[in-house]
Amino acid sequence: MAVTKTRNGSLVFAINGQRFELPTVDPSTTLLHFLRTQTRFKSVKLSCGEGGCGACTVLLSKYDPVNDTVEDMTASSCLTLLSSIGGCSITTSEGLGNSKDGLHSIHQRMSGFHASQCGFCTPGMCVSIFSALVNAEKTDRGDPPPGFSKITVSEAEKAIAGNLCRCTGYRSIADVCKSFAADVDIEDLGLNSFWKKEDSKEVKVSSLPSYDRNNEICTFPEFLKEEIRSVMSLDSKTDSWLRPSSLQALQNFLNCIDVGEGTETKLVIGNTGSGYYKELEHYKQYIDLKGIPELSTIRMNTEGFEFGAAVTISKVIEVLKDSKQAGFPSRGEMVFNKISNHMEKIASRFIRNTASIGGNLVMAQRKHFPSDIATILLAVDSMVEVMSGTRCETFTLEEFLQRPPLDFKSILLSIKIPNWGSTGKVSGQKDSVLLFETYRAAVRPLGNALPYLNAAFLAEVSPCKTSGGVLVSRCQLAYGAYGTKHAIRARKAEEYLAGKVLTVDAFYEACKLVRATIVPEDGTSSPAYRSSLAVGFLFEFFSSFIDTTAETTDGLLKKCKDALLANENQFNHDEIPTLLSSGKQFIETSPEYYPVGKPITKSGAALQASGQAVYVDDIPSPPNCLYGAFIYTTEPFARVKDLTFKPDQQPRGVVDVISVKDIPEGGENIGSTNMFGTEPLFADDLSECAGQRLAFVVADTQKHADVAAELAVVDYGVEDLEPPILSVEEAVRRSSFFEVPSSVYPKQVGDASKNMAEADHKIISAKIELPSQYHFYMETQTALAIPDEDNCMVVYSSTQSPELTHDVIAKCLDVPGHNVRVITRRVGGGFGGKTIKAMPVATACALAAQKLQRPVRIYMDRKTDTIMAGGRHPMKITYSVGFKSDGKITALELEILIDAGMSIDASPIIPSNFTSAFKKYDWGALAFDIKLCKTNHSSKTIMRGPGEVQGSFIAEAIIEHVASFLSMEVDSVRQKNLHTYKSLSLFYEDSAGEAQEYTLPSMWDKVAVSSKFSQRAQMIEEFNMCNRWKKRGISRVPIMVEMTVRAAPAKVSILSDGSVAVEVGGIELGQGLWTKVKQTAAFALGSIIGTENFLDKVRVIQADTLSLNQGGYTAGSTTSESNCAAVRLCCNVLVERLTPIKEKLQESIGSDSIKWQMLIAQQKLSGSVAGAVTELPRHEETGILPSPATAGSSNGPAIRGSFELSRKVFSKKPSLCTDEGTFPEVDSRPSDVDLSTMKSPNKELREYRESVPLQTVFLRIWKSLHVPRVGALSSPPGFSNLNLLWQPVEKDLNVNLGQDSMGRQLLIKEGQIGDGYKSCNELEGIFMGLKLSNELGLNVYTHQGPYKLKLVEINLLTGETSILQSDIIYDCGQSLNPAVDLGQVTLIPC
């Protein structure tokens, strides 16, 4: 469509059916930026900024007025330029539905199948699924049953390929996709909230949220169609955005531009290249090539296909897949199908829909992009046509790639893919067979991962009647992406193989030639692997034809013919795998504590799916808002002399550059803190690592701030400085260590020297190195700081620790803590990366906002976030292990060097966490020397089981090393070294629990039975005997760690209408904390009424550090449970207060049927001052109490009690609690008031009133081995603003939590500590069936399981691995919410 603008030149388009007309547009503005800053549609998220994650996916619809058809496709809005969507319609997840007008069935199923956790990626997932449904309806398939789509299961699973999720297991998301497919096996769909397992198939189908394919959302509004029909095709031209409609018009534009100005003009089609090549240049002019018919034409004839350079990759795939209908011979069809199959592995659908085939090849030619398309087209002798000025030239693709980079005025016009079924391309021999195959080795098989190596091989072979082998008549070998400028042909190997019979010797010589040709350039990662892949791919291609076992020529000839026939038909096989095949989930639930334990949908899941959930960056920018970006150092250890900007590229929109000099007098240069130490906000005169924060540039837009940070120039000096410490070995040599406090340093076990001497065998000084790892949360670090009155600051932060963020901001700004308010509603993924690393982000915004007295916000770009995140701790482990001949390990000695980086962060916990997971086996005796090395790398931080992941990995590596040494099955060595209860107690001491609680051995046997371990092991052995180059293995691995339970604060308030507001210290990260808290509150409050469902009455509200402090960290996998325990204690107090009033109501109305609203209605009836309430008779039919207007006319005895929904508390003795609230055993009545004399406004009534506050707070305390008396309290290191309430001990408080997984009762107990005082919120148990022990306020217990059993297949030629089956048994007691927890099984829940 050539029309993109109306007659007046304005850009016209639609978003979710709403018309937009923009008279002027900055041509560099992306669709994502416009959606998020200029509209209310915030469901599209910025995550990677490269088109690689799918968080920004939208549906892009184009109308063809000639054929009256609409083309619908997904697109990556972070790369799509706004000016390119003229005349188009955009649909986001908000356009599908919302909670007010009605949710789409996709949203409902996302929620019901428990497919959303942090929710940041969910709207993009929904749009991808919607696009698949819309396009499936355009097929000519038969009508599906009611409630289903025409989409198939295979298509449904592929719909979200490329949409990344970092929280939820993909099983639940795939279930959502498949639930729309008519060919779905409904029994295969996993746990959901729509039906019960025992329901019939008919019931299950009818229970799904309705999907009406005949009344689906219109993706292209009629008003826009009318505008397009009424506007004539024009050559749209503005000063900044040109859209020529012919090649001649393009040439005219190019001729008007000086060659020297070429860098200020950009040719665009889909702009997807900007996702890979980051551009700092500000282009003055863009030329959109999509309106040129010659570049979008597709031609087909007997010679093959010719695609215009602007044709999208998706369109090329579609055309090539339909080559069979075009009537091409089978050989040509096979080549076309192989090419299209490989193209489907490139990028993601939402990138392929807008990326052009010509743009891909130009990037490969001009910028050396590691293109798959260039490689596979090179192997089939593709041709290209290039226009230079008025001259058009045709080149082979090989010649095109080898030419100097195209100049600015040269345009790639078309690409020709030949038909290899034509007689001119292959010989006419009767027995000849054409072979073609493509290969790709990448981290992920489908999209979004550049290959280590790609290859494509084409060969014509035939049986050799004289030698009995296979004769290679023609051979074309193309390789690319291995660390070279462009794809190449292995010419020497091709020439050697041509005309030769495939023998072992001949193939060996060809492999040597290939290895000599495929040599990665210096600096390429994994060079040896890439070179070996080149040979492995070639061997895989020819392996079935190399055989020396046939005894006769005739026998070999027959075998060759069979092999050739099999290879000729191989194109019918679709090699693109689906996301999964099948799976089963088994959980046990109990109605005893309903709704606790019920797999209800995650709180807010539907809001997340529809894009209505508000994250920090979704908060509308306040007026005069500024935007920040960090300038970081690039030298590991150097003096910072000066900071300027590039003189020839002065940044636009910069307001100020904030540095250490801007910290107010009295404020501290502090960016983060924890109990082990602090880290500076900015480097002062010395850079201690590359990536250290140096300054904070503030500009009028986020883009200007990001560009300004990139343009910063830092002058360094290294005079009189020692070289940086860049390795743990260097740190040891220079004695550069952080001290690990003795209180957290792990204890050694047994006498390692003695036990080592008893070993039959020893492995001495084996070494393992573990690298770092980046968190990759979908939402990068973000914050918004708003100056408030009286030198106050409100900060919205995506953090896992609002409390400490609050403290750091106050110290940096030199203001009292009550002047700072940190608010966190939800976090778009954290995995530990937002525990400490989020603090300096919020603090920098607050500092800039204080200085400039304007709101300041930041949303960090992915590159900066990655550099500054720190990540997981790298380690170098040296171990010596002694063991018996039967595999029993007697002793183990470890030397562990941990790279902590430049600052201490939370690194001192790593040694204890490491050994906690490492001790899952009985090592006999365990000795270790763990050093925390201070290096000039970025400070490492908490990340998903910090230390525990490494500990478990190293334990398994040692077990496998021992098994290999003894030539034993590793499973038998694992079993030999499982703990007995005696050894468990030795290694884990008090946290080992009771003997009957040690379930690991029984779980070991159970997983073997449930997974049919022995039978599968036998099948694997048989498979491996029959397959030389593919092998399978099975592994049974236990996991055991110590878990820390920290006390948590909570506040529960019952409002005047009976609704309940709950605040907790934990943060909702997607782990379902709010959901579990909501269930717990509903269960606890429901105990007073009985069957009434309280779930809809409860809302968990955002964390606010001035409303409820001492939240601590949301980390360690037990925050949900500890918060639930605190909430239940609060609710128990409220229930205790409500019970007397309930009894009086029952006595008054003569019935046990008391509704919740009847209890809460007393507040309204009591009036604004204290007074008596007379008898309130219930309506005979409805059971509803009378209104306040009619209450006074009733007769009968009065009810002595009403409610005061107030925070005000009257206590008999002073309290140290600074947050208003009441606790058990506190008298709520003022002692100095004679209640009997209080009168109500109604003089006819005379009663006294009991004030019953409906709000309770339980607060976290620091429990030490000795608790001082009141007045001598002090905060522990790293903590402040403690809210403590001490009372004389009168009795123990026992709270029944139900039963654990073994049927035993669980109790929360409060007992006596210190000098006869107890804490009102000390928790010595939570909703888990394992014993807890206490030390320094931390409850520690041994967490057993899960057992994981996996069946894996590996390709020995390429290293490609596939997980064929996985069985997991997880003993976690009774889950608070199995649905939420199942999604967390692959992760470590917080």
Colleague: Looking at Lys500, I'd like to know if its NZ atom is crowded, meaning that more than 12 non-hydrogen atoms belonging to other residues, nucleotides or ligands lie closer than 6.0 Å.
Modeller: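 Count over threshold, so yes.
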Colleague: Looking at side-chain heavy atoms only, is the closest gap between Phe305 and Ile339 below 4.5 Å?
Modeller: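 Result no, sub-4.5 Å side-chain heavy-atom pair not found.
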Colleague: How about Val514 and Tyr496: do any of their side-chain heavy atoms sit closer than 4.5 Å?
Modeller: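 No, too far: nothing below the 4.5 Å cut-off.
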Colleague: So which atom in Trp241 and which in Pro27 form the shortest heavy-atom distance, rounded to 0.1 Å?
Modeller: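 Trp241 and Pro27 have their closest heavy atoms at CE3-CB, 4.0 Å.
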Colleague: I'd like to know if the side chain of Ser371 and the backbone of Ala374 have a donor-acceptor N/O pair within less than 3.5 Å.
Modeller: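 Yes, Ser371 side chain to Ala374 backbone: donor-acceptor pair under 3.5 Å.
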Colleague: Answer yes or no: is there a donor N or O on one side and an acceptor on the other, between the side chain of Asn271 and the main chain of Leu79, under 3.5 Å?
Modeller: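 Side chain of Asn271 to backbone of Leu79: a pair is present.
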Colleague: Given Cys464, which of Leu502, Val470, Val472, Leu471 fulfils the side-chain contact (heavy atoms from CB on, under 4.5 Å) condition?
Modeller: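 The side-chain contact (heavy atoms from CB on, under 4.5 Å) with Cys464 is passed solely by Leu471 among Leu502, Val470, Val472, Leu471.
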Colleague: Do Lys284 side-chain atoms and Glu264 backbone N/O form a donor-acceptor pair below 3.5 Å?
Modeller: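 Checking the backbone N and O of Glu264 against the side chain of Lys284, no donor-acceptor pair under 3.5 Å is found.
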Colleague: Between Lys315 and Glu318, does at least one N-O distance fall below 4.0 Å, as a salt bridge requires?
Modeller: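 Yes, charged N to carboxylate O under 4.0 Å.
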Colleague: Residues in side-chain hydrogen bond (donor to acceptor under 3.5 Å, both in side chains) with Ser388, at least two apart?
Modeller: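 Ser388: side-chain hydrogen bond (donor to acceptor under 3.5 Å, both in side chains) contacts with Ser410.
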Colleague: Find out whether Tyr277 and Met363 are in side-chain contact, i.e. whether some heavy atom of one side chain is under 4.5 Å from a heavy atom of the other.
Modeller: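 Answer yes - side chains close enough.
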Colleague: When Glu344 is tested against each of Lys338, Arg440, Lys321, Lys158 for salt bridge (charged side-chain N to carboxylate O under 4.0 Å, His left out), which residue passes?
Modeller: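 The single option meeting the salt bridge (charged side-chain N to carboxylate O under 4.0 Å, His left out) with Glu344 is Lys321.
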Colleague: Between the main-chain N or O of Thr69 and the side-chain N or O of Asp64, is there a donor-acceptor pair closer than 3.5 Å?
Modeller: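 No; judged by distance alone, with no hydrogens or angles, the pair does not exist.
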Colleague: Okay, side chain of Glu494, backbone of Leu477: is any donor-acceptor separation there less than 3.5 Å?
Modeller: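 Side chain of Glu494 to backbone of Leu477: a pair is present.
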Colleague: Look only at the side chain of Lys416 and the backbone of Glu306, and say whether a donor-acceptor pair between them is shorter than 3.5 Å.
Modeller: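 Checked: no pair found.
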Colleague: Tell me the closest heavy-atom pair linking Lys409 and Asn255, and the distance in Å.
Modeller: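 Shortest heavy-atom separation between Lys409 and Asn255 comes out as NZ-CA, 4.1 Å.
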Colleague: Taking Thr396's backbone N and O only, do any of them form a donor-acceptor pair with Asp381's side chain (distance below 3.5 Å, no angle check)?
Modeller: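 Absent.
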Colleague: Does Arg530 use its side chain to pair, donor to acceptor, with the backbone of Leu453 at less than 3.5 Å?
Modeller: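 No, because the side chain of Arg530 does not come within donor-acceptor range (under 3.5 Å) of the backbone of Leu453.
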Colleague: Apply side chain to side chain contact (heavy atoms under 4.5 Å, CB included) to Leu242 and Thr265, showing your working.
Modeller: CA-CA 10 Å; Leu242 307 177; Thr265 301; over 6 Å; no
Colleague: Are a donor atom and an acceptor atom from the side chains of Ser462 and Asp431 found within less than 3.5 Å of each other?
Modeller: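 Short answer, no.
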Colleague: Go through the steps for Leu406 and Phe400 under the test side chain to side chain contact (heavy atoms under 4.5 Å, CB included), then give the verdict.
Modeller: CA-CA 9 Å; Leu406 286 181; Phe400 174 71; 3.9 Å; yes
Colleague: Could you tell me if Thr272 and Arg352 have a donor-acceptor pair between their side chains, going purely by distance under 3.5 Å?
Modeller: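 Checked: Arg352/Thr272 side chains show no N/O donor-acceptor pair below 3.5 Å.
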Colleague: Can you name the nearest heavy-atom pair linking Met334 to Leu434, along with the distance?
Modeller: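 Scanning both residues, the minimum pair turns out to be CE-O, 3.3 Å.
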Colleague: Run the side chain to side chain contact (heavy atoms under 4.5 Å, CB included) test on Asn454 and Ile376 for me, step by step, so that the C-alpha distance in whole Å, both residues' side-chain angles and the decisive distance to 0.1 Å come before the verdict.
Modeller: CA-CA 8 Å; Asn454 52 40; Ile376 59 178; over 6 Å; no
Colleague: Please name the residue in the list Tyr452, Phe457, Phe537 that meets the ring pair (Phe, Tyr, Trp, His ring centres under 6.0 Å) test with Tyr479.
Modeller: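 Answer to the ring pair (Phe, Tyr, Trp, His ring centres under 6.0 Å) test with Tyr479 among Tyr452, Phe457, Phe537: Phe457.
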Colleague: One pair to check against side chain to side chain contact (heavy atoms under 4.5 Å, CB included): Cys475 and Phe542. What are the steps and the verdict?
Modeller: CA-CA 11 Å; Cys475 180; Phe542 281 126; 4.3 Å; yes
Colleague: Is there a side-chain contact between Phe13 and Leu82 in this structure, where contact means two heavy atoms from C-beta onward sitting under 4.5 Å apart?
Modeller: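 A side-chain contact exists here, since the closest heavy-atom pair is under 4.5 Å.
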Colleague: More than 12 non-hydrogen atoms from neighbouring residues, nucleotides or ligands closer than 6.0 Å to CG on Asp68, yes or no?
Modeller: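 Above 12, so yes.
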Colleague: Check the surroundings of atom NZ in Lys138: do more than 12 heavy atoms from other residues, nucleotides or ligands lie under 6.0 Å from it?
Modeller: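 Above 12, so yes.
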Colleague: Who passes side-chain contact (heavy atoms from CB on, under 4.5 Å) against Lys278, sequence neighbours left out?
Modeller: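 Partners of Lys278 under the side-chain contact (heavy atoms from CB on, under 4.5 Å) test: Glu50.
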Colleague: Tell me whether the count of non-hydrogen atoms from other residues, nucleotides or ligands lying under 6.0 Å of OH in Tyr508 goes above 12.
Modeller: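 Open.
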Colleague: Determine whether a donor-acceptor pair (N or O, by modelled atom type, separation under 3.5 Å) exists between the side chain of Gln251 and the backbone of Gly389.
Modeller: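 Checking the backbone N and O of Gly389 against the side chain of Gln251, a donor-acceptor pair under 3.5 Å is found.
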Colleague: Is the shortest heavy-atom distance from the side chain of Ile357 to the side chain of Leu377 under 4.5 Å?
Modeller: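 With C-beta onward as the side chain, the pair touches.
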Colleague: Could you check if a side-chain atom of Ile257 sits within less than 4.5 angstrom of a side-chain atom of Phe408, using non-hydrogen atoms only?
Modeller: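 Yes; the side chains approach each other to less than 4.5 Å.
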Colleague: Do the non-hydrogen side-chain atoms of Ile488 and Ile518 ever get within less than 4.5 Å of each other?
Modeller: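 Counting from C-beta outward, Ile488 and Ile518 do come under 4.5 Å.
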Colleague: What are the two closest non-hydrogen atoms of Arg331 and Gly421, and how far apart are they?
Modeller: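 Heavy atoms only, the tightest pair is CB-CA, 4.0 Å.
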Colleague: Measure across Ala498 and Ser473 and return the closest heavy-atom pair with its distance rounded to 0.1 Å.
Modeller: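 In this case the closest contact between Ala498 and Ser473 is CB-O, 4.3 Å.
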Colleague: State, yes or no, whether a side-chain contact exists between Ile292 and Leu247 at a heavy-atom distance under 4.5 Å.
Modeller: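 Yes, their side chains come closer than 4.5 Å.
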Colleague: Would you tell me whether Asp288 and Ser84 have side-chain atoms, one donor and one acceptor, within less than 3.5 Å of each other?
Modeller: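 On atom types as modelled, these side chains do not qualify, holding no pair under 3.5 Å.
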Colleague: If we ignore hydrogens and angles and just use 3.5 Å, is the side chain of Ser131 paired with the main-chain N or O of Ser128 as donor and acceptor?
Modeller: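 No.
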